[in-house]
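Keep in mind that the numbers below use all heavy atoms, side chains included, and drop hydrogens, waters and symmetry copies.
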Amino acid sequence: MRGNEANRVISVSQGGLYHCRGGRGDPVYYTEDSSDVTVKETLPSKPTVTLQPSWTQIYSGETVTVRCEIQGGEGAQWTYEWRAAKLNTPPTSNEHRIIRATESDSGGYSCRGRRDYFFSEWSDIITLTVSDNKLRPVLTVSPSWLSPGASVTLNCEVEHPSAGWSFYWYKAVPDLSEKSSSYELLPDGSGTAQDSYIIHGQTHTAGYVCRAGRGDPEYHTDHSQPKFVWSADVHSAASLTVSPDRVQHFTSDSVSLTCEGNFTEWRVRKFSEDGRLYSDCRRMTGSTCNINTLKSDTAVYWCESGSGEFSSAVNITVQNDGNGPILVSPVHPVTEGASVSLSCSLRTQKILSNVFFYHNDKLIQNDTRGELKISAVSKSDEGFYKCQYSGRESAQSWMSVKVAVSTPESSSFPLLMIFRLIFGFMFIFLTLLLFGFRCSKGDRCVYETVRRCENTENGPAEGDYTNVTSVIQLKVINKTRQRGDPEESSDYNDVNPNSATALKS
């Protein structure tokens, strides 16, 4: 209320109902009150509800703050109302912090501001969804089958990849006592901003997992399901052999998978066509898993030891067509330069003729032979093979070719032989030189020393001419005799050419 105003016009800063009256004289005479006039106050723009962090999809256990913001209303004394009865927040608070969110915190949130008797508009509704299901990322590996020394790329995918996740990368270590695996953090694999991780120089079969985290305090997802990168290359620490030694088998065949290496505990693992991972063999005897094959046994197999070693991996394919052929091809990679034979077989007939063979779907042999023989395998022979007999095709199988690695012994053999030859010739030369200086009759004694010449007066004995060819040649090189010298002629006449060999050190 304002009084004693000399002016008929006033300015107001607040909205409301206004009226006036006039007065004059002394004592003052007042008129009646005027009619009411409503003054509407212009308020700032409509409030906005924000989330911090700005994730509308969160998971049980995460923390999020819901905030009401009024643009242009800074500095004013606002109180707030919320349309979310479950908040139970004081009316003066413009934010609510949800700690360890649960599914009951899901829903729509809106707010408005109040100043004195006036209210802002209600904000638009923002919907928060809280999932009680623990998030589990999906890990992929590329390639699944590797060449020794190749790089492997891991990718960890979550439902909301752009929502500020960091990633953790682990190696799966077999734990036979728990029938599971433990996880070891990979180098520089803690909290990476990128959703991919590259492993350089991978050589053997290995398993990997990932998980993700975000927020403060950080919320962590579950670990992903383990994914494996398989190597078919056999190594000394652990290996897997298959009997019979072929990739393809008929249903109800008896197949033995044997783990080999310096370990007492083993388990055979199986990754099936439908993406399921199995840890137990149905019939495990010692280190051998025995299978009566079913179609569901088509899978990748490998061994894991109690010490955390992985064996090479093998593909097993079970032919479901009882009347169709199978391709008989080796389970393990073939070494470059080695020979290999592929054949086609029926359940009732092992040896077939007039078989067609295909390499990467290209016909490469279609004559009366029942075998495809490759005498010296090269890298270009690697690929998918299948056979066809009487119009029926086998499944195709991959034949891997590995590069032949020279062993240290084989690579050093030529050099070792050269050193031995040089050493042998030096020994001969020094021996002859030594005896030459000890003799006063020149080259005669060099020859006689080698052939035990102390009995020279009676002539050489039988067998005294062994290994003298090199000595005679040296004698001719080191001293020139006159033609017709009886000593020289006698020496040459006594040599037995059939007994002359190179001197040995």
*Does K270 count as lying over the ring of Y278, i.e. NZ or CZ under 6.0 Å from the six-ring centre, within 45 degrees of the axis?*
yes
*asked:* Can a side-chain donor-acceptor contact be found between S256 and N290 if the only test is distance below 3.5 angstrom?
replied: yes
*asked:* Do W55 and R214 have side chains that approach each other closer than 4.5 Å (heavy atoms only, starting at C-beta)?
replied: yes
_Ring-face cation contact, W78 with R114, 6.0 Å cut, 45° max_ = no
*C156/C210 sulfur atoms closer than 2.5 Å*: yes
*Taking side-chain hydrogen bond (donor to acceptor under 3.5 Å, both in side chains) as the test, write out the residues that go with D195, two or more places apart.*
none
*Do R83 and W122 come within less than 4.5 Å of each other through their side chains, counting heavy atoms only?*
yes
*Under 3.5 Å: donor-acceptor pair, side chain of Q248, backbone of L327*: yes
*asked:* Apply side chain to side chain donor-acceptor pair (under 3.5 Å) to residues W230 and S144 and explain how you reach the verdict.
replied: CA-CA 6 Å; W230 297 298; S144 295; over 6 Å; no
*Looking at side-chain heavy atoms only, is the closest gap between W169 and D188 below 4.5 Å?*
no
*Are the side chain of D253 and the backbone N or O of V255 linked by a donor-acceptor pair below 3.5 Å?*
no
*Kindly write out the residues that satisfy side chain to side chain contact (heavy atoms under 4.5 Å, CB included) with D124, not counting sequence neighbours, or none if the list is empty.*
K46
*Any chance the side chains of T153 and S142 put a donor and an acceptor closer than 3.5 Å?*
no
*Return yes if a side-chain donor-acceptor contact under 3.5 Å exists between H200 and S151, otherwise no.*
yes
_Quiz item: cation-pi between K227 and Y208, 6.0 Å / 45°_ = no
*asked:* Tell me if the centroids of the rings in Y168 and H223 come within less than 6.0 Å of each other.
replied: no
*List the steps, then state whether side chain to side chain donor-acceptor pair (under 3.5 Å) holds for D132 with T102.*
CA-CA 7 Å; D132 271 347; T102 65; 5.9 Å; no
*Residue among E159, E103, K134 satisfying side-chain hydrogen bond (donor to acceptor under 3.5 Å, both in side chains) with Y59*: E159
*Could you verify whether a donor N or O on one side chain and an acceptor N or O on the other, from E218 and S166, lie under 3.5 Å apart?*
yes
*Where does the angle between the aromatic ring planes of W266 and F263 fall among parallel (under 30°), tilted (30 to 60°) and perpendicular (over 60°)?*
perpendicular
*Hey, mind stepping through V268 and C259 against side-chain contact (heavy atoms from CB on, under 4.5 Å) and telling me if it holds?*
CA-CA 8 Å; V268 174; C259 304; 3.7 Å; yes
*Report yes if some heavy atom in the side chain of I291 is under 4.5 Å from a heavy atom in the side chain of C289; otherwise report no.*
yes
*When you check the side-chain N and O atoms of W302 and E304, is any donor under 3.5 Å from an acceptor?*
yes
_By side chain to side chain contact (heavy atoms under 4.5 Å, CB included) - contacts of L51 (at least two apart)_ = T56, V64, V66, I126, L128
*Does the pair T288 and T258 meet the rule for a side chain to side chain donor-acceptor pair (under 3.5 Å), with working shown?*
CA-CA 4 Å; T288 299; T258 302; 3.1 Å; yes
*Quick one: do R100 and D105 make a salt bridge, cutoff under 4.0 Å?*
no
*Can you name the residues that form a side chain to side chain contact (heavy atoms under 4.5 Å, CB included) with T50, not counting sequence neighbours?*
T48, R67, E69
*Output all residues satisfying side chain to side chain contact (heavy atoms under 4.5 Å, CB included) with T251, sequence neighbours left out; order by chain, then residue number.*
V318, N320, R347
*Trace of the side-chain contact (heavy atoms from CB on, under 4.5 Å) decision for R267 with R269*: CA-CA 6 Å; R267 72 177 172 199; R269 303 203 82 177; 3.6 Å; yes
*Applying side chain to side chain donor-acceptor pair (under 3.5 Å), run through R211 and Y183 and close with a yes or a no.*
CA-CA 11 Å; R211 69 171 178 168; Y183 305 135; over 6 Å; no
_Is the distance from the ring center of Y385 to that of H359 below 6.0 Å?_
yes
_Lys/Arg N to Asp/Glu carboxylate O, E184 vs K171, below 4.0 Å_ = no
*What pairs meet the side-chain hydrogen bond (donor to acceptor under 3.5 Å, both in side chains) rule with one or both residues in residues 305-316, with sequence neighbours excluded?*
none
*asked:* A side-chain contact here means heavy atoms from C-beta on lying under 4.5 Å apart; do I326 and C344 qualify?
replied: no
